[in-house]
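All of these numbers come straight from a predicted model, not from anything done at the bench.
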There are 4 protein chains.
Amino acid sequence: MTDQSVIKIMISKRETNKDEKRALIIDTALQLFSTEGYFGTSMSKIASTAGIAKGSTYNYFASKEDLLKAIINDGFKHLTESVDYLFVNFIDDKSMEKYIRHSFKLIMDKPNYWRLFFALAIQPWLPKHFMADIMQKMEPMFAKIAEYFASKGFLNPMAQVMLFVSTLDGVSISYLTEPENYPINDICEILVERYCK
Amino acid sequence: MTDQSVIKIMISKRETNKDEKRALIIDTALQLFSTEGYFGTSMSKIASTAGIAKGSTYNYFASKEDLLKAIINDGFKHLTESVDYLFVNFIDDKSMEKYIRHSFKLIMDKPNYWRLFFALAIQPWLPKHFMADIMQKMEPMFAKIAEYFASKGFLNPMAQVMLFVSTLDGVSISYLTEPENYPINDICEILVERYCK
Amino acid sequence: MTDQSVIKIMISKRETNKDEKRALIIDTALQLFSTEGYFGTSMSKIASTAGIAKGSTYNYFASKEDLLKAIINDGFKHLTESVDYLFVNFIDDKSMEKYIRHSFKLIMDKPNYWRLFFALAIQPWLPKHFMADIMQKMEPMFAKIAEYFASKGFLNPMAQVMLFVSTLDGVSISYLTEPENYPINDICEILVERYCK
Amino acid sequence: MTDQSVIKIMISKRETNKDEKRALIIDTALQLFSTEGYFGTSMSKIASTAGIAKGSTYNYFASKEDLLKAIINDGFKHLTESVDYLFVNFIDDKSMEKYIRHSFKLIMDKPNYWRLFFALAIQPWLPKHFMADIMQKMEPMFAKIAEYFASKGFLNPMAQVMLFVSTLDGVSISYLTEPENYPINDICEILVERYCK
DNA sequence: AATGAATGAGGTTTCATTCAT
DNA sequence: TATGAATGAAACCTCATTCAT
């Protein structure tokens, strides 16, 4: 093994460590933001919960708001990757059902992320474009669903899409607010029945 | 006119003044909270926007959080008053339609209030019981709607109610986030069609 | 005495107090800035030295830089008032001598102010216009002196003015750096001899 | 070539590298200190501007203040070397003129250094002895100039020296503050005329 | 009841310096 | 020697709340 390789491995190890710590901070902050709120969580608390020094977080994120953006963007990247494949072709009942079930799975898998996401979506203090950027990326998906609704003979398919998306949002929010009492699975079945038969 | 009456009038006038100023503070704070966020709005700004002294607000509300609770409770009182009469009897298609249309009207009439309301509903930093209290008051209404759904032969009527309510929530939030582009009226008609025929 | 008058007196008293406290903060900050440097002096130290709470300074000055500007501007206002009258008419030997002696007096009377002033003049971090504004106000005075030098037959009177002013600056700075060992009075006489005979 | 020589060359090369890097850091820091101010320049910025790692600077200078001292001392060593030869003998008109012209040349050649130097001379936060040491080294030179002034029949020659030095300082500072508008050459001639004829 | 100056805890952020690699 | 992540003290500033007038 040459010296070069050793150095490369060391660098790569440092990189790995850095990535791991970045992920640690993001996870910690997501957990705290979603349970205590963005303003209710101090950078000090994030640092101490993550077991690092206060100043260290600023080696990874330039500011608190930057950290927040990173959380949302990272999560959203994950999301789109997992959804895109469902829409490569024209939608039919089968893929629509997959989409609905997948959506519910996403919410239940990462409740903290979604709690934060929806809280932010309503907050007025974020830079306008922050959420707008995200919404824009979903446009093509909405278009596909509209096609699908049209093919099923729905009148006013675009309004139907908005209603459909809002319904998923509303259900998600209700579930996230009180996960233990909300009949999320029953509701999933009702929606599958309503939209995919 | 007796001295007594004079005093009564004076008191009543003072009361009125007090009530008016209380209402002024609530209106101002609601406006600011809903546009700049709760944490983005300082007590100083509320006072100066309302044209009164900073210290004076504390003659009407013990704390900032108290002011927030008062805003929500006042608004909610208004809400229930306006809704209760719809449910005195067993519910039918007609009153269900009225209820849906009324719900949309409420949202569109006081968007600031509802923006704040939904933001808080998702926020985790409020005392748990705060929103719970409000939800509890809606229980009887939910029960009536469940009866109605059952009478229409819906399977699993309680889940249907939750879905129905979540849908209204989701639609409301979507509308409040972007009022100008959201086909709120079309969606209202779709829901009336779906639930009241 | 009417209620109105009482209120007016109370307000006026409060105003007086406020002015006094503002002056107290300015004096304290000037003292500290000039001895420990602007960056070496924390707002906390200013407050505690002045015997008030940390946050209180911000009731009088919006920021540390604002406080600095207020110090310079207040001092400069004082300065121009005291100098302007010397230049109402065309300058002669007599008024030139007065001006020189007055300049030395100013420096010796408020060494802290001038130490701060010259330190800032050299500092590169201030907004450009900050010092420029001040210099601009001195332009008319320079013009008068140039006239005077011209009347005495000096060649290149504008350069002579610059040199004259720079000399006063250099002498001031030297004196302020080491007041106890600097023959400020002897130098004053030399300059009077050189420029006013 | 013996092994010894090879080692010597390697060491010498390492020394050279070390000196070069030291010089690089000093140059970079001087540039930044003089344009952004000492407090406005972070060690990180110096390192990154110089293209080395943050921690490495501490292999050359024990602290930020040490670096500053090194800058001043290095520059001053350079200065005295270049001036000393002017004063080996008794001073006359010719060498006095050389000295004045040389002083102006120094300022115009290394404005950054002098901007920093004068800024520090006024700053109160440096250890007292820091500037005092430097001034002390200039004493012999001042004595020579005093002799010269005495030989020309100036009264109070020591005060004349102080005034002369302060004048050079004041002119330098004025020039450094606004190099483009200051008639530095005209002023040089005026001084040569005044002091060397 | 009204005022607004005073308070000080607590927030975010910076940065000189250290140290493991 | 070089690196750059880690540290934590300390800075500036905000703001809910109190209280003397």
Under 4.0 Å between any heavy atoms, over every strand shown, what does A:F61 touch: base, sugar-phosphate, or nothing? Just pick one.
nothing
Distance check needed: E:dA1 C1' versus B:E20 CD, whole Å only.
15 Å
Please state how far atom OH in D:Y60 lies from atom C1' in E:dT17, giving the value in whole angstrom units.
18 Å
Here's a test of your reading of the structure: between B:S42 and A:G55, which maps to the more 5' nucleotide of DNA chain F?
A:G55
Mind checking A:T57 for me? I need base, sugar-phosphate or nothing, with any heavy atom below 4.0 Å counting as a touch.
nothing
Please determine whether any donor N or O and acceptor N or O are separated by less than 3.5 Å between the side chain of A:K54 and the base of E:dG11.
no
Once you apply a heavy-atom cut-off of 4.0 Å, does B:F39 come out as touching a base, just sugar-phosphate, or nothing?
nothing
Test the C:K69-C:F61 pair against the cation-pi criterion, namely NZ or CZ under 6.0 angstrom from the six-membered ring centroid and within 45° of the ring axis.
no
With both distances kept under 3.5 Å, what pairs with E:dT21, Watson-Crick or G-U wobble?
F:dA2
Has B:K21 got a side-chain N or O lying under 4.0 Å from the OP1 or OP2 atom of E:dA2?
yes
Taking the nucleotide of DNA chain E with the nearest heavy atom to each, does A:Y38 or B:G51 sit closer to the 5' end?
B:G51
Just call it for A:S56: base, sugar-phosphate, or nothing, with non-hydrogen atoms closer than 4.0 Å on any strand.
base
Name the pairing partner of F:dA10, where a pair is Watson-Crick or G-U wobble with both distances under 3.5 Å, or state none.
E:dT13
Out of B:I46, B:I25, B:L68, B:I71, which residue meets the side chain to side chain contact (heavy atoms under 4.5 Å, CB included) rule with B:L30?
B:I71
Quick check against the 3.5 Å criterion: does B:Y113 have a side-chain atom that pairs as donor or acceptor with the backbone of B:I72?
yes
Return yes if the base of E:dA5 and the side-chain atoms of C:N59 contain a donor-acceptor N/O pair under 3.5 Å, otherwise no.
no
Within the structure shown, what part of the strands sits under 4.0 Å from A:K64 by heavy-atom distance: base, sugar-phosphate, or nothing?
sugar-phosphate
Taking 4.0 Å as the cut-off, does a side-chain nitrogen or oxygen of D:Y58 come that near to OP1 or OP2 on F:dA2?
no
Supply the atom-to-atom distance B:D27 CG to B:N112 CG, rounded to the nearest 0.5 angstrom.
10.0 Å
A:I25 CD1 to F:dA5 C1': how many Å, rounded?
11 Å
Within this structure, what is the CZ-to-C1' distance between D:R22 and F:dT1, rounded to whole angstrom?
17 Å
In whole Å, I'd like the distance from the CE atom of A:M43 to the P atom of F:dG8.
16 Å
CG of D:L24 versus C1' of F:dA2: gap in Å, rounded?
14 Å
Atom-to-atom span, CG of D:L32 to P of E:dC15 - whole angstrom:
13 Å
Upstream residue (5' side of DNA chain F) when A:A53 and B:A62 are each assigned their closest nucleotide:
A:A53
Which class fits the ring pair B:F118 and B:W114: parallel under 30°, tilted 30 to 60°, perpendicular over 60°?
tilted
Between B:I52 and A:E65, which is nearer to the 5' end of DNA chain E once each is assigned its nearest nucleotide?
B:I52
Close side-chain approach of B:F39 and A:Q123, heavy atoms under 4.5 Å:
no
Separation of E:dT21 atom C1' from A:N17 atom CG, nearest Å, is 11 Å
